[in-house]
Protein chains: 2
Amino acid sequence: MTIYLPALRRCSLFHNMADETILKLCQCLGGTIRQYPRGTILLLAGQPVNSAGIVLTGQLHAEQQTLGGEHIIVANHTAGSLFGDILMSGSRLSPVTLTATTNLTVLYFAMETILGDCGQHCQCHLQLRQNLLVGISEKFWAQQKKIGYLSMPSLRRKLLSYLLDQRTTDSDLDIFLPYNREELASYLGVNRSALSRELGRLQKEGILTFHKRQITILDLSRLLTQLSR
Amino acid sequence: MTIYLPALRRCSLFHNMADETILKLCQCLGGTIRQYPRGTILLLAGQPVNSAGIVLTGQLHAEQQTLGGEHIIVANHTAGSLFGDILMSGSRLSPVTLTATTNLTVLYFAMETILGDCGQHCQCHLQLRQNLLVGISEKFWAQQKKIGYLSMPSLRRKLLSYLLDQRTTDSDLDIFLPYNREELASYLGVNRSALSRELGRLQKEGILTFHKRQITILDLSRLLTQLSR
DNA sequence: GAATTGACGTTGCTATGGCAACATTTGGAG
DNA sequence: CTCCAAATGTTGCCATAGCAACGTCAATTC
């Protein structure tokens, strides 16, 4: 288990915990490790879920099938990601299919052991549950932000409000996008070429400059004006 | 406390629990009741949160201020609603402002008492935490659905995919909307009159009929075609 | 170095849908 | 019943943005 510490340290569940605590908890929770070759389906949409998993090595994604038959990727999990925590809907049937996009190692915990008493009254168990809740809350508010962008009435506003949120601080003017154009367009629910066009316009107007994924805001006050009117 | 049982029974936290269990838990968790006149701000965005609340009587809403300065309503809570459960983001600062839209009675629980051991190893405490998680998950997937609608490329598809989800069963063809036109348009992120126009077109094409909030699907297969192409 | 591929920018065409302004309906209030 | 206000339907105008098609650039392969 010690080999996987780097991944475990990154997991939201173990946020702010000492290495020994993490290892002790893994034991206490009775986690089981599984490995899957690339392409394996870990869980099919519509199946019940009773455990959460932490990605130790590799990558997986959660995708949902729309009524139209397309697949939308709800989440992408890399080393340290917790998944399955919010798959327990009321009926306990998963809305998404989980697929390994690379060879994959996963550590599973039964949800009940996280939520239940371990009988030892350990402080760390409380912390664990708080971390669980904080982690889920963050997923929720990340989604809420996305809804904010999607609800904007124009492409320009979608883009600008997204860019503002991507700054690391309020005074930061440089942004490095985590997506390429295609992915960004898809995230914002707009057409790729229309997105490129809008970026070009913003540059021509002197509001920002960009090169590939690197974007620099030139005129923050004018940018903000665009959003409020 | 017994007066409030009807509201408590409806709360996701106490789903599938007997009345005595609910009352016992309320005591065990050390809940405190507060009352507020209409218009009171219960929590200002940016403030830390350490407790969750259940609406006993009245109504409140959570609203978020956008960068542009507008307010968007994130949630609306009526009797039995649990709120504050997902306000614990990483920094523990609330992204939303909570305001009483009517006179209001609320039962608060410290989050720690829900997550921590009560020292009695009661089975109901485990159930409580599971209910908490299920409740939050449901909020997440409700949001996910909204994202699905907003991501659709046309007003028609936004509307139709929403309508399909509103059916109570897969074979049900009658829908009673929970929103008026204005609210529905806002929810779907489109213009009200454009929404009305699209509804009119769908009716003219014989795909559905409607009268106010009552909508009836006439040609389900053709409706589905519209979504897939 | 030629060729291939993938990411990104550019542009003309056109449908979609936002907007505004007005018409119609409905459900109370008096 | 009459009047009023709120909700909803209707329509013309036009900007926005989707779409397709193509051009450019850089990296990689052979």
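Small disclaimer: the values here were computed from a predicted structure and weren't measured. Chain identifiers are assigned alphabetically (A, B, ...) following the order of the sequence lines, protein sequences preceding nucleic acid strands; residue numbering begins at 1 within each chain.
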Q.
With a 4.5 Å cut-off on side-chain heavy atoms, are Leu155(B) and Leu195(B) touching?
A. yes
(Q) Is the shortest side-chain heavy-atom distance between Arg9(B) and Phe14(B) below 4.5 Å? (A) no
Q. Separation of Arg156(A) atom CZ from dT16(D) atom P, in whole Å?
A. 9 Å
**Q.** Which atom of Ala62(B) lies closest to which atom of Val96(B), heavy atoms considered
**A.** CB-CG2, 4.0 Å
Q: To the nearest Å, give me how far apart NZ (Lys158(A)) and P (dT16(D)) are.
A: 13 Å
Q) Starting at the 5' end of DNA chain D and moving along, which residue's nearest nucleotide shows up first, Ser193(A) or Asn180(B)? A) Asn180(B)
Q.
If I take atom CG in residue Leu159(A) and atom C1' in nucleotide dT16(D), what distance separates them, rounded to the nearest angstrom?
A. 15 Å
**Q.** Terminal contacting nucleotides, 5' and 3', DNA chain C versus chain B (heavy atom, 4.0 Å)
**A.** dG17(C) to dT26(C)
Q. With a 4.0 Å cut-off on heavy atoms, is Ser154(B) in touch with a base, just the backbone sugar-phosphate, or nothing at all?
A. sugar-phosphate
Q) Between Asn191(A) and dC19(D), is there a side-chain N or O to OP1/OP2 distance below 4.0 Å? A) yes
Q. Going by atom types alone, do Gln144(B) and Gln143(A) pair a side-chain donor with an acceptor below 3.5 Å?
A. yes
(Q) Do Leu13(A) and Ile22(A) have side chains that approach each other closer than 4.5 Å (heavy atoms only, starting at C-beta)? (A) no
Q. If an axis is fit to five pairs at each end of the helix from dG1(C)-dC30(D) to dG30(C)-dC1(D), what is the angle between the two, to the nearest 10°?
A. 30°
Q. Heavy-atom distance under 4.5 Å between the side chains of Ile147(B) and Ile147(A), does that happen here?
A. yes
Q.
Looking at Arg197(A) and dG18(D), is any side-chain donor or acceptor paired with a base atom of the opposite kind under 3.5 Å?
A. yes
**Q.** Stretch residues 199-214 of chain A: residues that reach within less than 4.0 Å of DNA chain C through a heavy atom
**A.** Phe210(A)
Q. dT16(D) P sits how many Å from Met152(A) CE, rounded?
A. 17 Å
Q. Between Asn16(A) and Asn131(A), is any pair of side-chain heavy atoms under 4.5 Å apart?
A. no
Q: Indicate whether the side chain of Asp219(B) and that of Ser221(B) have a donor and an acceptor atom separated by less than 3.5 Å.
A: yes
**Q.** Aromatic ring proximity, centroids under 6.0 angstrom, Phe140(B) and Phe140(A)
**A.** no
Q | Note, Asp174(B) side chain near Gln214(B) side chain (heavy atom, < 4.5 Å) | A | yes
Q: Classify the angle between the aromatic ring planes of Tyr162(B) and Tyr149(B) as parallel (below 30°), tilted (30 to 60°) or perpendicular (above 60°).
A: perpendicular
